[in-house]
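What follows is one structure encoded as structure tokens, with my remarks underneath.
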Amino acid sequence: MAMEPLAKGYEPADVEQRWLDYWTTHQTFTPDVDKAATHPDQNYSIVIPPPNVTGALHMGHALNITLQDIMCRYMRQQGKTVLWIPGTDHAGIATQNVVERQLLSQGLKREDLGREKFVEQVWSWKEDYGGRILNQIHRLGASVDWTRERFTMDEGLSRAVREVFVSLYEQGLIYRGQYIVNWCTRCHTALADDEVEYAPAQSVLYHLAYPLEDGSGSLTVATVRPETILGDTAVAVHPEDERYQSMIGKNVILPLVGRRLPVIADAYVDREFGTGCLKITPAHDMNDWEIGQKYGLEAISVIDDLGFMNDHAPQVYQGLSVAECRKRIVEDLRACGALQAEEPYENKVNQCYRCKTTIEPFVSEQWFVAVKPLAELARKAVEDGRTTIWPAQWNKTYFNWLDNIRDWCISRQLWWGHRIPVWTCQECQEVLVTREDPTVCTCGSTRLVQDEDVLDTWFSSALWPFSTMGWPEKTKELQAFYPTSILITGFDILFFWVARMMMMGLKFMDNVPFHDVYIHALVRDEHGKKMSKSTGNVIDPLAMIDKYGCDSLRFTLTSFAAMGRDIKLSEARIEGYRHFINKIWNAARFALMHVDGSEPDFDPKVMTGLHHKWILHRLEILKKEHAEELQGYRFNEAAQGLYTFVWHEFCDWYLELIKPELYGEDDQVKAQTKACLKHVLSEVMIIAHPIIPFVTQEIWSSIPSLDMECLALRPYPKACPLCEDMQAAIDMEFLQQVIVSIRNIRAELGIAPGAQLTVLLRADGQERDLLLDHAIEISTLARVGTLRVEPDMDIPKGCASAVIKGCELFIPLEGVVDFEAELARMDKELGKLAKELEVVTKKLANESFTNKAPAEIVAKEQAKAQEFSDKKQNLEQLKAKLLAFLG
RNA sequence: GGGCGGUUAGCUCAGCUGGGAGAGCAUCGGCCUUACAAGCCGAGGGUCACAGGUUCGAUCCCUGUACCGCCCACCA
């Protein structure tokens, strides 16, 4: 791209679009897989957590994508061949809902279309709108390989799903069974345990008396769901509960129905709760189901799949909704005297995580994965460190979940998804589970009917790390890039997704799906509340990009991405970091006003100026630390380190220090300065690029005579041992102290900003040389008119003064200022010194400290004590002189 | 009920293996100094929640308490 002078302010919109197009047309982020296959240890790979195809980009995605992009871009700089695969998830229920709503607006239901037409309709919806979220991810600058976009219902991925299902079935790890499942009466499907949410609810706890069959009294049970008594098949008490000993083994009569129910004893019953007496309804309660299994109780379903009372309920209740029935039953129980008490009661009600409809436990035929053996693999891999979870605090949660895992219900009564590859012969009832669709049964019949259900969406996403690379084929991609390097995701899908990928990866690839798992924070609003549409506190990442630029958003998210802590985000923060992006822009603009391509190549050996040595030294440290921080996923520290270097070292000091040279007459000095400036600017652009790719690339392409147009492909700067210079750091700090002291006196004493001061510096030896060498810089940065540096001098009467280690500083004040202010300033300084000296002296007086602490620490404290006490003495003398002068 | 995390400046938070409390924003004072007023220079502000313990030394490690948040769980 053509080099033009940089615009006055950074205008992100145009810049971003230009580079996004560039990366796309050049396929910058498409790796050479053939090359990669030859050296797998030089590769780096990530699979994107596939967003729902119905999704719209939110801040969680923005954070997630930004962090992944930082790692991918950084690893490219480290010379790795990087593959980052993008894609979307077909999101069974969510997508079906969207299309059903669309149909509904035309007055149609999916049943009106029939399955085949409906699924066609969903596909067509996906073609039209399914790319939206990927376009949004694209705008974030994600350096994914767009030539490898995947979708969980792609042909290839569907093949993987089929292979896994059949294989697990053949190994007896997938089975079909009657089971009580979480049933959403609205979505009309079973849900996995973790797809159920709990919401607090104001309920009523009803106490109901069940008379004993022998007339010897009654048992009182407590329930919030009186309509389910119609399905009761037992009453349970605690085996050691004295109150009910005599009743165990007897029968009670179910009110309104008249069924005989056995009184059983089981330790599951909590004696403290309610009456200590529990009605057992195996068909409509998870726990009751287990007790029912244990005691061989009948499970009588009285509620149907739509949430209405079915024909197992007494005639009068049939066809009523659960809510209506509850009302009727309560009335009837009250009428017959069985209702003994009602009390308000706060409990939790189970809801569908998609539509918030109350979940009905429902007995039906479902498909399950026996996950115990898989869970063990998944546990072990983290235990022995084949996969590392960052931060480690999630290990416990992960283990705990795997240890208590129950079989995974994978069938869903939906139309959109991977259809279960199971056929039943209508002739001989043979069940066929095959890799290719069967046309004929072993008995010769062709009357084969496929299972109506589809698989849980998470079944296919569990295969994502290898299905996206072409499994079950043995592809070059798998060879080069599996296991992936890291998975970056939010903790909300640790169970849904991460744990299941671990299981499937270990089972089918015989290797972990990723070496590292980085669990990042949740992005909340500025008050710490979850962002949600209904609360109206959502900050739209795309709106922020439009307003402040993508780099501002990315840098903000990165700055707050401290491990294991939620991010409270507000627009003001993004706006704030835009200032930083603009600062970089302007610094570059300044630099490029002088760097014109005529300067010599940078050579650390010929750099002589202290400020050059210093900034090069700081740059070395930045390079090293920045790399370490990214390797350790300490994104916030990486961002902060960059911020401090660019703003407070490069801009505040270095650029100011080189101005006299740049505006000066010495062409040779000027040339070296430009060379160094260009070098530092270039390396900083590279280092910053993974976090803020756009502004850095734009600046990069304006730097004259660089070796590569595309910054994203430029390697990370090599370490420059020659540039490390501790002495320069120490000397520079000294100079900074001198300058700051002068500025401080100016400000505190209210000296006119325009006034050109006279400053006397008393220093000797090294310090004196240093000061003399940099007289111009000091004068410029502190606005000094006359600067004198001498080993000894008569201290003028009536001056402001400061004591720095190695130097005393005097500013004659005659006619300039009131001396009260100066005295106050000195007192403040003396107070500070006294306090610090006291702390150190006390420490050194403590024998156990001097004896036990490491010698190095003690020496440090001694040096401090010396320094403080010297300074204090010095300053006290100066104060005395000033007082004497004032009379 | 179990588990996890948090409590540091007015606000939002850093502080990685224990050794003189930091940043950004906000506040106050002064500056249009030719890269940047989206800026520059300077200043004020903290019993590091509380109580114990370990240590020469604790914001940091251990125990307990309080409050806040999250996750998991079968109290009808």
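A note on names: the letters A, B, ... follow the listed sequences, proteins ahead of strands, and every chain is numbered from 1.
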**OP:** Could you encode protein contacts along nucleotides 23-31 of chain B as a string, one character per nucleotide from 5' to 3', using B for base contact, S for sugar-phosphate-only contact and - for no contact, with a heavy-atom cut-off of under 4.0 Å?
**Re:** -S-----S-

Less than 6.0 Å separating the ring centroids of [X] and [Y]?
X: A:Tyr654; Y: A:Phe645; result: no
X: A:Tyr643; Y: A:Trp647; result: yes
X: A:His579; Y: A:Tyr10; result: no
X: A:Tyr518; Y: A:Trp390; result: no

Check this one for me: any side-chain N or O of [X] less than 4.0 Å away from OP1 or OP2 of [N]?
X: A:Asn744; N: B:rA43; value: yes
X: A:Lys396; N: B:rC71; value: no
X: A:Lys828; N: B:rG44; value: yes

**OP:** May I ask you to check whether over 12 heavy atoms, not counting those of A:Lys860, lie within 6.0 Å of atom NZ?
**Re:**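 No.
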
Subject >> Smallest separation among heavy atoms of A:Val371 and A:Asp407, with atom names >> reply: N-OD1, 3.5 Å

Interatomic distance, [X] [atom1] vs [N] [atom2] [rounded to whole Å]:
X: A:Asp551; N: B:rA38; atom1: CG; atom2: C1'; result: 15 Å
X: A:Arg589; N: B:rA35; atom1: CZ; atom2: C1'; result: 5 Å
X: A:Lys568; N: B:rG6; atom1: NZ; atom2: P; result: 13 Å
X: A:Arg743; N: B:rG42; atom1: CZ; atom2: P; result: 5 Å
X: A:Leu494; N: B:rC72; atom1: CG; atom2: C1'; result: 12 Å
X: A:Ile745; N: B:rG42; atom1: CD1; atom2: C1'; result: 12 Å
X: A:Lys832; N: B:rA21; atom1: NZ; atom2: P; result: 14 Å
X: A:Glu575; N: B:rA38; atom1: CD; atom2: C1'; result: 8 Å

Rounding to the closest angstrom, what is the interatomic distance between [N] and [M] at atom [atom1]?
N: B:rC41; M: B:rG53; atom1: P; result: 47 Å
N: B:rG45; M: B:rA23; atom1: C1'; result: 14 Å
N: B:rA21; M: B:rA9; atom1: C1'; result: 10 Å
N: B:rC60; M: B:rG64; atom1: P; result: 16 Å
N: B:rG46; M: B:rG15; atom1: C1'; result: 14 Å
N: B:rG39; M: B:rC25; atom1: P; result: 8 Å
N: B:rG10; M: B:rU34; atom1: C1'; result: 38 Å
N: B:rC56; M: B:rG18; atom1: P; result: 15 Å

Considering every strand and a 4.0 Å limit on heavy-atom distances, what is the contact class for [X]: base, sugar-phosphate, or nothing?
X: A:Glu838; result: nothing
X: A:Arg825; result: nothing
X: A:Asn846; result: sugar-phosphate
X: A:Asp652; result: sugar-phosphate
X: A:Glu748; result: sugar-phosphate

Original post:
When only distance counts, do a donor and an acceptor, one from the side chain of A:Lys583 and one from the base of B:rC36, lie under 3.5 Å apart?
Top reply: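 Checked by distance alone, the answer is yes.
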
Given [options], which nucleotide is nearest the side-chain atoms of [X]?
X: A:Asn582; options: B:rA76, B:rA38, B:rA35; answer: B:rA38
X: A:Arg406; options: B:rA76, B:rA35, B:rC74; answer: B:rC74
X: A:Lys852; options: B:rC70, B:rC56, B:rG5; answer: B:rC56
X: A:Arg634; options: B:rC16, B:rG19, B:rA76; answer: B:rC16
X: A:Val269; options: B:rC56, B:rA76, B:rC74; answer: B:rA76
X: A:Asn636; options: B:rA14, B:rG19, B:rU12; answer: B:rA14

Original post:
Closer to the 5' end of RNA chain B via nearest nucleotide, is it A:Lys864 or A:Tyr663?
Top reply: A:Lys864

**OP:** Return the 5'-most residue of the pair A:Ile739, A:Asp566 with respect to RNA chain B, ranking by each residue's nearest nucleotide.
**Re:** A:Asp566

Original post:
Do A:Thr388 and A:Val517 come within less than 4.5 Å of each other through their side chains, counting heavy atoms only?
Top reply: no

**OP:** Evaluate the side-chain proximity of A:Ser559 to A:Gln640: yes if any heavy-atom separation is below 4.5 Å, no if none is.
**Re:**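 Yes, at least one pair of side-chain atoms sits under 4.5 Å.
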
If pairing requires Watson-Crick or G-U wobble contacts with both distances under 3.5 Å, which nucleotide is the partner of [N]?
N: B:rA58; answer: none
N: B:rC25; answer: B:rG10
N: B:rC31; answer: B:rG39
N: B:rU65; answer: B:rA49
N: B:rG1; answer: B:rC72
N: B:rU17; answer: none

Subject >> A:Ser552 backbone acceptor or donor facing A:Arg578 side chain under 3.5 Å >> reply: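 Flag not set: sc A:Arg578 to bb A:Ser552 has no pair under 3.5 Å.
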
**OP:** Applying side-chain contact (heavy atoms from CB on, under 4.5 Å), run through A:Asp551 and A:Ile691 and close with a yes or a no.
**Re:** CA-CA 7 Å; A:Asp551 290 328; A:Ile691 301 180; over 6 Å; no

Original post:
Yes or no on side chain to side chain donor-acceptor pair (under 3.5 Å) for A:His284 and A:Glu227, after CA distance, side-chain angles and deciding distance?
Top reply: CA-CA 10 Å; A:His284 297 291; A:Glu227 71 280 8; over 6 Å; no

